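Structure, as structure tokens:
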Protein chains: 2
Amino acid sequence: MTRDDEEPVGLDALDRVTWALRRAELAVQTLKEQRLRPLGMAAAHYTLLMSVHSEPGLAGAELARRLDVTPQAVASLVARLEGRGQLERRAHPRHRHVQELHLTDAGREALRAADQVIADIERRITEDLGPEESAQLRTLLNRVGKTVRDA
Amino acid sequence: MTRDDEEPVGLDALDRVTWALRRAELAVQTLKEQRLRPLGMAAAHYTLLMSVHSEPGLAGAELARRLDVTPQAVASLVARLEGRGQLERRAHPRHRHVQELHLTDAGREALRAADQVIADIERRITEDLGPEESAQLRTLLNRVGKTVRDA
DNA sequence: TCATCAGTATCAAACGTTTGACAGCAAGCT
DNA sequence: AGCTTGCTGTCAAACGTTTGATACTGATGA
């Protein structure tokens with residue numbers, strides 16, 4: 001490296017990949033939140049319900065790991081959703097201290113309504129990109145995730 | 001659309017583009033935070049310093065719009081960075097109520113150190129992807145952002 | 001058997017952000 | 001001039017999350 005990199009600071013920061021990534025994610029998240037609000041649901045609630053739906057019966061701590069959030073954050077969401085009757089905590093058959101998480105019928109219905117909204121956003125994106133480039137974007141994003149996690 | 005989409009809920013949610021987007025952004029953000037911590041700086045601080053560096057002299061509210069955060073969040077960050085002597089607020093020449101934001105020398109130095117860390121992460125990603133696909137990823141992400149913002 | 005260890009859940013406190021409301025300043029208009 | 005409108009910055013309160021600490025359970029190994 002004989003090049004003279006002694007710039008005061010990178011001036012090319014605006015067109016970095018991670019910058020574009022942040023902007024895109026922020027925009028998507030904002031739109032989701034906005035569309036979900038009329039249904040009385042936050043994006044975090046939807047994410048949690050969807051996770052429980054796809055893998056019923058796992059514990060809060062385990063769920064927290066999958067979503068990359070703290071166990072307390074999950075507990076907070078679970079408490080709220082349980083209060084609404086959309087989620088239910090059952091005692092684990094073997095480990096008494098552990099609680100399995102399951103969706104109630106009301107929870108399934110709420111998730112169904114929310115997922116229509118989310119799926120619509122997803123559809124708008126994939127239609128704009130086209131099927132080929134959507135798949136490519138997914139691949140690239142997964143590769144970035146893997147690279148960064150291994151760092 | 002004669003297809004029967006009456007699934008109880010999308011079971012394909014795990015390989016949606018927006019899901020991959022969330023995972024990737026989360027991983028990148030986590031790594032940034034982790035690498036920036038030893039320097040006593042949060043990712044939000046870095047972002048703010050970088051923005052002020054690239055466009056000095058703009059007001060807090062204007063800065064908030066560029067970063068897609070609330071003015072209060074900016075004010076909070078500015079207060080902290082000003083307390084550290086990395087940022088300075090000057091009275092606008094015409095509008096007395098408005099305050100221009102400028103970096104101090106200490107701020108420039110802190111930004112330089114932080115940017116080495118961030119640029120290293122960026123480099124790791126772009127090297128892993130290759131220049132061609134990095135550019136493509138950037139393009140796709142920008143398109144997603146634009147599509148979603150127009151929705 | 002008993003002791004240690006890993007994993008889960010819960011509590012309390014600190015932190016950062018959002019929301020809502022307020023006051024000040026400049027430009028535009030009647 | 002006087003008035004409205006738009007934008008700015010600040011304050012206070014509510015909310016959600018993280019951090020740190022604690023109690024309990026089941027499994028592991030001496």
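Here is how names work: the chains are called A, B, and so on, in the same order as the sequence lines, proteins then strands, and each is numbered from 1. In this text, all values refer to a predicted model and were calculated from it rather than measured experimentally.
Whole-Å rounding puts the A:Glu100 CD to C:dA9 P distance at 10 Å. At whole-Å resolution of the value, CG in A:Leu58 and C1' in C:dT8 are 13 Å apart. Whole-Å rounding puts the A:Leu67 CG to D:dG16 C1' distance at 16 Å. Atom CG in A:Leu101 sits about 12 Å away from atom C1' in C:dA9, given to the nearest Å. The distance from atom CD of B:Gln99 to atom P of D:dT8 is 12 Å, rounded to the nearest whole Å. A:Asp68 has its CG atom 15 Å from the P atom of D:dT17, to the nearest Å. Distance B:Leu63 CG to D:dG9 C1': 14 Å, rounded to the nearest Å. Distance A:Glu33 CD to D:dG16 P: 11 Å, rounded to the nearest Å.
A 6.0 Å sphere centred on CZ of B:Arg37 holds no more than 12 heavy atoms belonging to other residues, nucleotides or ligands.
B:His95 has its side chain out of reach of B:His97: every pair of non-hydrogen atoms, C-beta onward, lies at least 4.5 Å apart. Counting only heavy atoms from C-beta outward, the side chains of B:Leu141 and A:Leu137 approach each other to under 4.5 Å.
Here C:dG16 is the nucleotide among C:dT8, C:dA26, C:dG16 with the atom lying nearest to any side-chain atom of B:Arg80. Distance from the side chain of B:Gln72 is smallest for C:dA21 among the nucleotides D:dT18, C:dA21, C:dT8. Candidate nucleotides D:dA27, C:dT10, C:dA26 were compared by shortest atom distance to the side chain of B:His95, and C:dA26 ranks first. Residue B:Arg96 places its side chain closer to C:dA26 than to any other of C:dT18, C:dA26, D:dG26. Taking every side-chain heavy atom of B:Ser76 into account, C:dT17 is the closest of C:dT17, C:dT10, C:dG20. Distance from the side chain of B:Arg37 is smallest to D:dT19 among C:dA9, D:dT8, D:dT19. The nucleotide whose nearest atom lies closest to any side-chain atom of A:His97 is, among D:dT8, C:dT17, C:dG7, C:dG7. Picking from D:dT17, D:dT8, C:dT18 the nucleotide with the shortest atom distance to the side chain of B:Val98 gives D:dT8.
Note that CD1 of A:Ile125 and CZ of B:Arg16 are 10.5 Å apart. Values are rounded to the nearest 0.5 Å.
Contact annotation: A:Arg89 side-chain N/O to C:dA9 OP1/OP2 distance is not under 4.0 Å. Between A:Thr70 and D:dT18, a side-chain N or O to OP1/OP2 separation shorter than 4.0 Å is present.
A donor-acceptor pair shorter than 3.5 Å can be found between the side chains of B:Glu122 and A:Thr18.
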